[in-house]
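Following: one structure in structure tokens, then a few remarks.
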Amino acid sequence: MIVLGIESSAHTFGVGLVRDESPHIIADVRKKYVPSRGGIHPKEASQFFISEGPKAIKEALEGSGVSPMEVDAYAVTLGPGLGPCLRVGATLARGLAAYFEKPLVPVNHAVAHIEIGRYLSGFKDPLVVYLSGGNTMIVAYEEGRYRVFGETLDIALGNFLDTLAREMGLAPPYIVNGKHAIEVCADKGVKFLKELPYVVKGQDVSYSGLLTASLKAVKRGARKEDVCMTAREIAFSAIVEVAERGLAHTGKKELLLVGGVAASQTLRDKFRVMAAERGVEFYAVPPKYAVDNGVMIAFTGLLAFKHGIVVPPEKAYIRQRWRLDEVDIPWVSH
Amino acid sequence: MGESLKNHSLIAVGAEAALYKGRFLNLDVVIKYRLRKPYRLNDLDLQLRIQRTILEAKVIRTLMRAGVKVPPLLYVHPEEGILVLKYIKGSLLRDVVHSGSIDVSCKGLNYVGKYAGRMHSIGVVHGDLTTSNVIITPDNMAYLIDFGLSKFSNRIEDMATDIHLFTRSLESAHYKWKDFLLKCFLRGYFNEKGDEAAKIVAVAKEIRMRGRYVEERRVKKA
């Protein structure tokens with residue numbers, strides 16, 4: 001069985017082809033929109049996807065020698081994400097499914113990040129920390145769904161890092177040689193600034209106050225590198241702390257780190273140290289699959305399709321705010 | 001002092017502290033030792049451990065005086081991150097709910113609601129109010145524990161955060177019974193807190209909707 005997955009929720013148009021026998025991944029094509037200044041401009045990103053998307057699909061199929069008729073189902077991210085971006089992937093997927101008369105499988109972007117992580121780690125029942133530009137949450141499977149045990153009360157960790165970098169004049173580009181601009185700057189920091197706020201509320205974190213205070217510190221003349229170092233230390237320690245609380249609360253023995261921010265080595269190290277202390281197994285999705293990609297959509301689509309989850313193309317609406325805990329997960333059982 | 005704790009029996013290791021059982025002043029006690037976190041920078045680690053130990057001691061003393069059931073505080077050593085509290089015999093509310101004793105759970109939740117109400121009335125917020133932070137004694141009384149994230153505040157927003165966290169701990173860990181159990185909790189809370197309770201609960205709902213990708217938020221706008 002072969003499933004083609006399309007991802008277009010933010011900056012990456014990804015196409016993946018996977019099948020249920022080895023080798024599982026048969027195509028992985030990505031086209032990344034990089035803004036010339038500022039953050040992601042939804043309209044610009046969607047225009048980029050309109051011109052690059054069809055080429056990416058063609059590349060994935062031709063590169064792997066699979067014809068569109070051999071694909072058993074087409075899977076697509078319907079949310080959460082940026083509306084104009086999601087619409088491009090959804091339109092193409094609806095078209096493919098309708099034209100070739102194949103089933104269309106709706107995929108939740110957050111679920112896909114978790115499923116690719118579970119597949120790569122081999123974990124059965126992990127506590128999952130999902131960190132990306134738009135998401136910061138601690139989740140675990142309970143009674144048929146992934147439930148949220150903790151999350152950010154305001155902005156996401158990736159968003160925090162990006163905004164801080166942009167406002168400090170360190171970005172774009174946000175990532176150079178796999179390293180975030182804030183991290184490059186933080187590595188040169190020496191002094192911990194005691195006045196920056198550390199905010200953990202129960203199992204939730206909050207980053208907006210830290211963002212404001214960090215920018216104020218820069219304005220007041222604090223050394224940029226020290227601000228970067230302190231902000232990184234506080235932001236990362238806070239999420240590790242709430243993850244540890246989640247482990248204590250749920251009693252889970254596996255810890256899985258997924259999403260784009262999982263690529264940070266500093267953050268991985270912190271999680272690894274915490275997990276080792278608690279005697280919990282730890283796995284961080286490698287950067288290649290931690291960032292947005294089509295393979296995770298195809299893979300999750302395959303799981304869903306095998307459990308009969310399909311949607312008629314005319315009803316495959318995008319949902320910009322499709323929450324993780326609204327999605328039924330019939331393929332997990334324990 | 002951290003070293004000498006090894007002579008006591010370890011009863012639990014939580015997310016931020018280890019709990020030891022021992023004897024002190026001829027009483028059974030719990031010694032709460034805030035652990036060093038090797039993943040944190042030293043400066044941040046020391047700052048958080050001292051601040052939280054002092055604050056926790058102040059909060060417990062304030063609650064004791066107001067008649068909220070909490071383990072009585074006997075000794076504090078901020079630099080070592082140590083609190084000594086009277087030992088309370090019982091089970092965690094979380095385990096009571098999981099064991100299926102729904103009537104006992106409801107009664108316990110009623111108490112939690114009452115104490116949360118009183119706590120809020122005297123300007124204290126718990127900061128980590130979950131079913132894991134309540135002890136149910138053999139005579140079915142409830143004790144609030146773990147004030148590690150508590151603070152003094154009269155802001156509706158902070159009180160509502162307590163209610164929001166507690167509601168979510170019921171939803172995420174006790175999904176089957178959440179609606180019934182939530183009613184038990186809110187009955188106690190409304191009885192104690194009176195008119196202001198409705199306002200606080202409304203803000204708690206608002207906080208929930210501030211979370212990302214919450215569906216109700218869209219419905220509300222439309």
Side-chain angles (χ1 to χ4, degrees), chain A residues 79-81 110 134-137 139-140 142-145 147-156 191-194 196 198 200-204 229-230 233-234 236-237 240-250 269-278 319-326, chain B residues 12-17 35-48 51-52 92 94-95 98 125-133 146 148-151 157-158 161-162 164-166 168-169 171-176 178 207-219 221:
Chain A
N135 292 278
T136 297
M137 41 170 117
V139 306
E142 177 116 6
E143 314 255 351
R145 291 185 179 185
R147 311 268 171 202
V148 179
F149 281 80
E151 62 191 318
T152 177
L153 293 170
D154 38 60
I155 56 175
K191 191 174 161 227
F192 183 81
L193 306 172
K194 289 203 164 160
L196 298 193
Y198 180 101
V200 164
K201 292 184 184 178
Q203 295 187 94
D204 293 330
M229 184 200 77
T230 308
E233 175 65 24
I234 290 177
F236 287 1
S237 294
V240 175
E241 177 171 13
V242 292
E244 189 168 12
R245 283 173 179 278
L247 286 171
H249 186 67
T250 59
D269 289 345
K270 278 185 186 292
F271 273 109
R272 190 170 292 115
V273 170
M274 184 272 278
E277 279 261 309
R278 290 197 71 82
R319 292 176 65 190
Q320 297 183 63
R321 291 191 178 126
W322 190 10
R323 241 183 109 86
L324 172 70
D325 50 15
E326 292 171 40
Chain B
V13 181
E16 67 165 346
L35 304 160
R36 281 175 209 288
K37 293 290 171 188
Y39 66 80
R40 285 198 293 240
L41 214 62
N42 267 336
D43 289 343
L44 178 62
D45 191 62
L46 195 64
Q47 183 186 324
L48 289 176
Q51 278 175 1
R52 288 176 179 181
L92 295 183
R94 176 190 68 190
D95 298 334
H98 275 165
V125 291
H126 187 285
D128 192 16
L129 198 60
T130 66
T131 50
S132 304
N133 282 334
D146 195 356
L149 289 171
S150 303
K151 62 177 180 182
E157 169 90 16
D158 290 329
T161 302
D162 266 355
H164 166 63
L165 288 175
F166 194 74
R168 217 189 37 208
S169 89
E171 267 175 21
S172 56
H174 314 292
Y175 197 71
K176 279 181 196 157
K178 64 163 174 131
I207 292 175
R208 179 185 154 80
M209 285 183 205
R210 250 179 256 158
R212 297 186 72 84
Y213 312 125
V214 175
E215 201 63 27
E216 293 104 298
R217 194 165 62 187
R218 274 185 72 87
V219 177
K221 263 188 191 168

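Computed over heavy atoms, backbone and side chain alike; hydrogens, waters and symmetry mates excluded. So you know, we letter chains A, B, ... as the sequences are listed, proteins then strands, and number each from 1.
Using a 4.5 Å cut-off between heavy atoms, A:Arg278 touches chain B through its side chain atoms alone. No part of A:Val242 comes within reach of chain B, as not one of its non-hydrogen atoms sits under 4.5 angstrom from that chain. Looking at B:Leu44, the atoms closer than 4.5 Å to chain A (heavy atoms on both sides) sit in the backbone and in the side chain alike. With a 4.5 Å cut-off on non-hydrogen atoms, B:Leu48 touches chain A through its side chain but not through its backbone.
In terms of the side-chain hydrogen bond (donor to acceptor under 3.5 Å, both in side chains) criterion, B:Asp95 has no residue partners (sequence neighbours excluded). Shown here are the salt bridge (charged side-chain N to carboxylate O under 4.0 Å, His left out) partners of B:Arg40, two or more places apart in sequence or in another chain: B:Asp45.
Ranked by heavy-atom pairs under 4.5 Å with chain B, the list A:Lys194, A:Gln203, A:Arg145 is led by A:Lys194. When each of B:Gly127, B:Gly14, B:Pro38 is checked for heavy-atom pairs under 4.5 Å with chain A, B:Pro38 comes out on top.
Heavy-atom minimum distance, A:Gly150 versus B:Arg168: CA-NH2, 3.8 Å. The two residues A:His249 and B:Ser132 come nearest to each other via the heavy atoms ND1-OG, 2.7 Å.
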Show your working on side chain to side chain contact (heavy atoms under 4.5 Å, CB included) between B:Glu171 and A:Arg147 and close with a plain yes or no.
CA-CA 9 Å; B:Glu171 267 175 21; A:Arg147 311 268 171 202; over 6 Å; no

Might you work through the side chain to side chain contact (heavy atoms under 4.5 Å, CB included) test for A:Lys201 and B:Ile207, ending with a clear yes or no?
CA-CA 12 Å; A:Lys201 292 184 184 178; B:Ile207 292 175; over 6 Å; no

Working note: B:Lys178 + A:Glu142, criterion salt bridge (Lys or Arg N to Asp or Glu O under 4.0 Å); need CA distance, chi angles, decisive distance, verdict.
CA-CA 13 Å; B:Lys178 64 163 174 131; A:Glu142 177 116 6; over 6 Å; no

Kindly determine whether B:Gln47 and A:Tyr198 satisfy side chain to side chain contact (heavy atoms under 4.5 Å, CB included), including the steps that lead there.
CA-CA 10 Å; B:Gln47 183 186 324; A:Tyr198 180 101; over 6 Å; no

Stepwise side chain to side chain contact (heavy atoms under 4.5 Å, CB included) check, B:His164 with A:Asp204
CA-CA 11 Å; B:His164 166 63; A:Asp204 293 330; 4.2 Å; yes

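Of the possible donor and acceptor atoms, one in the side chain of A:Glu233 sits under 3.5 Å from a partner among the backbone N and O of B:Leu41.
Within the model, atoms CG of B:Leu149 and CD of A:Glu241 stand 6.5 Å from one another, a figure rounded to the nearest 0.5 Å. Going from atom CG of B:Leu165 over to atom CG of A:Leu153 covers 7.5 Å, rounded to the nearest 0.5 Å.
Ion pairing between a basic and an acidic side chain is recognised when a charged N comes within 4.0 Å of a carboxylate O; B:Lys37 and A:Glu244 show such pairing.
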